[in-house]
Amino acid sequence: MNTGIILCGVGGQGTVLASKLISASAMENGLSVMSAETIGMAQRGGSVTSHIRIGEGVYSPMIAFGGADTIIGFEPGEAARMLPFLKEGGSVVVSSGVVIPVTEALVRSDYSSENMVGYLREHVERLTVVNTDRAIREVGTAKVLNIILLGASIAAGALPVTADTLMKMIERRVPEKYIDLNRKALEYGLSCTH
Amino acid sequence: MHREFLMGNEAIALGAIASGVDLVCGYPGTPSTEVLETAAKNRPEGTYVEWSVNEKTAMEVAAGAAYTGARVLVTMKQMGLNVASDPLMCVEYIGVKGGMVVLVADDPGPISSQTEQDTRTFAGFSKVPCFDPSTVQEAYDMVQEAFILSEKYGTPVFLRSTTRVSHCYASIDIKDTSEFASHRIEGFVKDSRRWVIFPRLANANHKKIVDRNEKLSNEFSDNPFNCIYTEKRECRLGVATGGVSFTYAMEARERLGNMRLLKVSTPYPFPEKIAAEFLAGLDEVLCIEELDPVIERGLVYVCGKYGLKVKIRGKLTGDTRTAGENTVDSVYEDLAAFLGEPCKSEAVSEVPDLPVRPPVLCAGCPHRASFYAVKIAMKGKKTVFCGDIGCYTLGNAMPLDMVDTCLCMGAGLGIAQGIGHIEPDTSCFAFVGDSTFFASAIPGVINAVYNKSDMTLIVLDNSTTAMTGHQPHPGTGITMMGGSGSAVSIEGVLRGIGLEYVETVDPFELDAAVGAVRCAAALPGVKAIIFRSPCIALTKGKDPLTVSSKKCIGCSRCIKELGCPAISMSGGKAVIDTSQCTGCCLCERVCPVGAIGGEGI
């Protein structure tokens with residue numbers, strides 16, 4: 001048995017650290033992990049994805065279409081882009097805030113959070129939407145959006161790791177002065193239940 | 001042994017350290033860069049690590065060290081192997097004393113490269129034996145095997161990886177320090193009949209290399225990295241694969257079943273014996289591999305040589321894609337079609353129109369200011385802007401649209417000169433980054449001066465190799481051995497070559513920058529401007545700017561001129577994303593109504 005998780009967003013949103021925290025937490029629980037990230041040119045404002053596979057019987061970290069138990073979307077359009085990877089009955093945890101690319105800013109399209117979240121609501125049964133603006137207001141900074149989303153994913157039962165293990169991994173990896181901020185973000189995420 | 005969660009590239013570096021590597025050198029290039037960085041971070045006492053100025057020099061440094069009996073690892077991406085091919089082709093003929101492993105990371109897709117060239121093909125061309133790992137664990141194990149083989153046969157050995165192996169993470173078994181290999185370095189022993197390449201020596205060694213590779217083909221057939229996965233039931237169909245495609249094929253095989261599978265981990269010299277054993281009794285074989293049809297050609301050759309009547313399918317027969325990466329899904333579909341199984345394509349619901357997200361220059365990137373200054377200065381003139389390899393290739397995107405050509409490292413200089421010789425009325429510019437300047441642009445400058453070209457060189461100096469993740473280079477003076485070395489001055493190099501107009505300007509001083517470009521463009525001969533401002537990813541930005549919604553007239557000039565990812569339109573007005581803005585103030589200069597500024601505007 002194994003679990004497939006996809007994290008997706010826009011370069012610079014902190015998907016890579018989130019992926020590493022999930023992997024480290026799973027390994028802490030004695031599970032085998034494989035993962036793959038987007039690195040290099042695509043990071044500069046491009047779409048980024050991480051594939052994580054936890055458990056046995058895994059040859060490659062790459063998840064097939066219809067093979068993801070969970071998609072964590074740091075941006076709603078990116079979550080929509082990755083939907084073909086979602087397993088039937090799988091969970092999506094998504095941040096409502098859109099990142100408008102320069103190219104769209106030039107053509108003034110109607111790309112909006114409402115449209116994207118609406119699309120996800122139509123197509124995903126197990127969906128948790130984190131209101132990004134409210135979350136950032138409550139926690140104080142957009143820099144810990146990744147931790148908020150991980151908290152919300154745990155609350156949704158969409159990750160095979162516990163909040164305690166995750167916090168332990170954060171403590172190992174994040175500079176001490178940011179630990180409290182990360183704890184606050186995790187707790188806020190855990191309280192986002194729909 | 002213990003277990004660690006490692007990236008493929010980290011595993012390669014740690015495998016080399018477990019082999020007792022004495023020297024590691026290379027030049028950054030995605031997806032290879034983290035190998036050398038990991039080696040530097042985990043550098044054992046007595047091991048030397050350097051970022052060389054380019055891959056050719058790295059290969060020569062590695063060869064020299066291997067002549068002494070030291071174990072060396074030299075790292076690069078596939079494009080870098082082209083740069084290093086001159087010394088590598090020759091060192092294969094001369095041979096080495098210490099183990100010499102050449103790590104080349106290929107980039108199927110390509111994801112961040114100009115070509116989809118295949119180092120397995122280069123192995124056949126250069127006659128250098130090649131390992132091709134499928135997983136992170138294999139990457140760790142094979143680098144150690146490569147050192148043993150290299151030393152045993154006195155030849156450089158390729159470890160060829162691809163993006164999905166190099167950048168994949170997995171929990172793998174690695175050696176404890178007490179299990180590391182150790183060896184004695186004999187030192188360089190003078191012997192001109194061995195180390196000086198002359199036609200007679202080349203002829204003699206050529207024959208030895210061919211004989212050795214024939215022997216190696218047999219040895220590789222017995223190597224457990226190459227193996228056959230058989231079925232309990234009799235089957236007439238087989239799949240041959242290697243590299244990361246092996247992992248996709250194994251997952252498809254679990255769902256589809258009933259096929260014999262050959263994994264080729266040493267594509268050169270091709271392991272003929274095990275291939276013939278695999279082919280015996282089969283009717284058809286599908287080859288699943290990325291880039292060139294190396295395994296496919298190998299099997300066709302074995303069929304011919306051994307008189308086997310097996311139909312070999314793959315890229316050459318139009319059964320699999322000829323370009324781009326394989327995926328878990330593409331391999332499943334290829335194998336299902338081969339077995340005549342229906343391929344259940346998952347019902348994918350209609351996805352809405354999603355924005356494309358091409359990579360862009362960061363908010364606050366000094367390259368944006370440099371390109372904008374040249375654009376303003378040369379408006380309305382007949383120009384050509386020759387770009388180069390680095391973050392600044394992204395200057396091609398709208399709305400900047402400031403890169404007319406891009407070919408390979410350092411090529412912008414030669415291209416600008418070539419166009420200038422045919423079109424003397426065109427004002428020719430070459431843009432080159434600081435790391436690329438040192439790596440491969442200097443001969444181009446010398447050529448321009450020597451041959452009396454008219455051109456303007458723009459050096460975009462952000463004091464780092466930004467695109468590959470901020471490696472130091474000769475202009476920074478920082479080395480991988482810690483502490484600062486001696487920085488090489490770009491201005492000094494250019495003046496030494498004989499340029500008279502060499503101006504250094506901060507591109508965010510827009511008026512000065514535009515003035516310098518106008519001045520340079522008006523002068524004959526070879527002129528250079530160095531736009532110097534540190535990479536924004538390495539500096540703490542200033543306070544973000546805001547847009548006064550009262551003053552903003554919604555003309556979107558700021559967006560149309562600069563294409564900064566921090567600016568977008570909302571409700572007919574420009575807005576600045578304060579989490580991205582670094583306060584570079586370029587947009588403030590562009591706004592026609594003074595609506596952009598610091599807090600309280």
Side-chain angles (χ1 to χ4, degrees), chain A residues 10-12 19-20 23-24 26-27 31-48 51-52 57-67 77-78 80-81 83-85 88 98-106 108-111 115-116 119 122-123 136 141-143, chain B residues 3 5 7 30-31 33-34 111-112 134-136 163-164 166-171 244 246-251 254 327-329 332 345-346 348-349 351-362 391 393-394 397-399 467-469 556 559-560 563-565 567-570 577 579-580:
Chain A
V10 177
S19 158
K20 288 200 171 145
S23 302
M27 283 196 56
L31 299 166
S32 288
V33 184
M34 278 198 189
S35 74
E37 332 270 358
T38 318
I39 296 173
M41 194 177 209
Q43 279 179 300
R44 310 269 187 275
S47 302
V48 293
H51 290 224
I52 308 171
V58 174
Y59 288 95
S60 134
M62 308 310 291
I63 294 170
F65 287 137
E78 295 309 312
R81 203 191 301 278
L83 268 197
F85 285 93
E88 213 168 300
V98 288
V99 178
I100 299 178
V102 177
T103 42
E104 295 294 305
L106 284 170
R108 298 191 186 199
S109 81
D110 61 346
Y111 180 64
N115 289 352
M116 282 302 122
Y119 172 83
E122 262 172 53
H123 291 89
I136 292 170
T141 166
K143 292 201 162 74
Chain B
R3 241 171 137 66
F5 188 60
M7 184 199 260
T30 311
T33 312
E34 298 82 3
I111 300 169
S112 42
S134 302
T135 63
V136 177
T163 308
R164 301 297 176 194
S166 277
H167 284 170
C168 165
Y169 285 82
S171 9
V244 76
F246 162 76
T247 65
Y248 305 154
M250 286 303 274
E251 296 201 352
E254 288 198 348
T327 66
V328 194
D329 295 296
Y332 180 80
S345 66
E346 303 286 334
V348 175
S349 49
V351 177
D353 248 357
L354 292 171
V356 282
R357 294 187 192 276
V360 290
L361 294 173
C362 302
C391 283
T393 315
L394 300 175
M398 297 303 278
M467 181 59 103
T468 45
S556 69
I559 292 173
K560 286 178 193 155
C564 172
I567 314 177
S568 59
M569 295 297 284
S570 174
D577 174 359
S579 71
Q580 285 198 65

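Every chain is numbered from 1, with letters handed out A, B, ... down the list of sequences.
- Contact annotation for Lys20(A): only side-chain heavy atoms (C-beta onward) come within less than 4.5 Å of a heavy atom of chain B.
- No side-chain heavy atom of Ser568(B) sits under 4.5 Å from any side-chain heavy atom of Asp577(B).
- Minimum heavy-atom separation, Thr163(B) to Pro31(B): OG1-CG, 3.5 Å.
- Counting heavy atoms from C-beta outward, Thr33(B) and Met467(B) have side chains that stay 4.5 Å or more apart.
- When each of Ala64(A), Ser35(A), Ala24(A) is checked for heavy-atom pairs under 4.5 Å with chain B, Ser35(A) comes out on top.
- Chosen from Val328(B), Val356(B), Asp329(B), Thr247(B), the residue pairing most often with chain A at heavy-atom distances under 4.5 Å is Asp329(B).
- Counting heavy-atom pairs closer than 4.5 Å to chain A, the top residue among Ala397(B), Pro355(B), Ser579(B), Ala170(B) is Pro355(B).
- Taking Gly57(A), Gly67(A), Ala36(A), Ser23(A) one by one and counting their heavy-atom pairs under 4.5 Å with chain B, the maximum is reached by Ser23(A).
- Options Ser60(A), Gly77(A), Ser19(A) differ in how many heavy-atom pairs under 4.5 Å they form with chain B, and the most are formed by Ser60(A).
- Of all the heavy atoms in Tyr111(A) and Val99(A), the pair that sits closest is CE2-O, 3.9 Å.
- In this structure a side-chain-to-backbone donor-acceptor pair under 3.5 Å is present from Arg3(B) to Ser171(B).
- Annotation: side chain of Glu251(B) is not in contact with side chain of Met62(A) (no heavy-atom distance under 4.5 Å).
- Heavy atoms of Glu78(A) lying under 4.5 Å from chain B belong exclusively to its side chain.
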